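Let me begin by presenting the structure, written as structure tokens, before commenting on it.
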Amino acid sequence: MNLARFPRVRLTHAPTALEHLANLTRLLDGPDIFIKRDDNTGLATGGNKTRKLEFLIGEALAQKATRVLTQGATQSNHVRQTVAAARKFGLEATVLLEERIGDGSPDYYGSGNVFLDRLFGATIETRPGGLDMNAEIAAVGEGLREKGEVPYLIPGGGSNEVGALGYVVCAQELVAQANESALKIDCVVHATGSTGTQAGLLVGLEGQNAHIPVLGVSVRAPKEKQEENVAILARKTWEFLGCRGDFPRGTVVVNSDYVGEGYGRPTPAMVEAVTLLARHEGILLDPVYTGKGFAGLIDLIRKGFFRKGQNVVFIHTGGSAGLWGYRDAFGFADPLARSDRR
Ligand SMILES: *Cc1c(COP(=O)(O)O)cnc(C)c1O
């Protein structure tokens, strides 16, 4: 696949490491678990949006944009990385934060990603939950154009066929790493939300005839809806790249059993997964995406869906900045008692 014909900037510290989780593997007594460290992509505490932004910012610069405009939930990792990337390339950034959670803690509205959005100097607007947020940024973009600006609109999660190219690149990188170390990958597992990661991975793996299945663990939509949404973007990305034939729809597999009460709502299994990775591997997962994704992997190992002798790669898509918005979910909201100083 020829990716060099698309405008692109360099942001990612690539290749990201592919590591064996020896302690977790021993603890769960199932498949060998590997982790691809896309939490360490090198931009503003990292995460999967960095790879997408290489192509999105590339296109923004090619279109002589003055400002990027995007949207996400209050604790959006996508928004944080987008603002940082825009800054690096001399662009202004306006972001719309959707209040998908109405009853979050003060940390949720002020710390974590929100603090970083402010630090990077974003112009922030908020919206109540449930609006068509891509229509909201379109309206704001119209206003900016009337003022003589050239806004570049990035959809939620950076998930369109341009952003998905970043995960086509990741698929190429992963297969190269597997070949180098003679690692036979039985399944790739990751958290899926706005669909760009899974769509890009599937197109990239299929385009290389890799024969590596991908399981997306949904953090929001039910299985059928998420599979349909991933398939729609995968098809678009496939055509955008000029791949021959039809994108094979049957490769899209999503499990939505680990969402809990909804997007961004903590679950006990998420807390367990984040705590296990922290205490046994020294790795930070996040409360909204990778915590639920890894909780899915743990449960599927315990149920025997993944077995001893197999090799499973979890793609760590980042998000640890969000932990600071969720201290209360871990029972750590209270400060330590002060010791008596004499
Ligand atoms: C956005 C995000 C995801 C989901 O990726 P999509 O491409 O939106 O499906 C997973 N993990 C983290 C930490 C994210 O920020």
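When a ligand or atom number is given, it counts from 1 through the structure's own listing order. Residues take their numbers from the sequence shown, with the count starting at 1. Note: hydrogens, waters and symmetry copies are ignored here, and every other heavy atom, side chains too, is used. The model shown is predicted, which means the values in this text are computed figures rather than measured ones.
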Inset, instruction - Check whether the side chains of Asp32 and His20 place a donor and an acceptor atom closer than 3.5 Å, and report yes or no. - result: yes

Inset, instruction - Show the protein residues that qualify under the rule heavy atom under 4.0 Å from an atom of ligand 1, listing them in chain and number order. - result: Asn48, Lys49, Lys52, Asn77, Ser159, Ala191, Thr192, Gly193, Ser194, Thr195, Gly196, Thr197, Asp286, Tyr289, Thr317, Gly318, Gly319

Legend entry - Residues Thr197 and Asn48: side-chain donor-acceptor under 3.5 angstrom: yes

Inset, instruction - Look at the side chain of Glu59 and the backbone N and O of Pro7, then say whether any donor-acceptor pair between them is shorter than 3.5 Å. - result: no

Inset, instruction - Test the Arg100-Tyr263 pair against the cation-pi criterion, namely NZ or CZ under 6.0 angstrom from the six-membered ring centroid and within 45° of the ring axis. - result: yes

Inset, instruction - Apply side-chain hydrogen bond (donor to acceptor under 3.5 Å, both in side chains) to Thr70 and His78, showing your working. - result: CA-CA 9 Å; Thr70 196; His78 159 69; 2.8 Å; yes

Legend entry - Residue of the set Lys52, Glu54, Arg51 for which side chain to side chain donor-acceptor pair (under 3.5 Å) holds with Thr12: Glu54

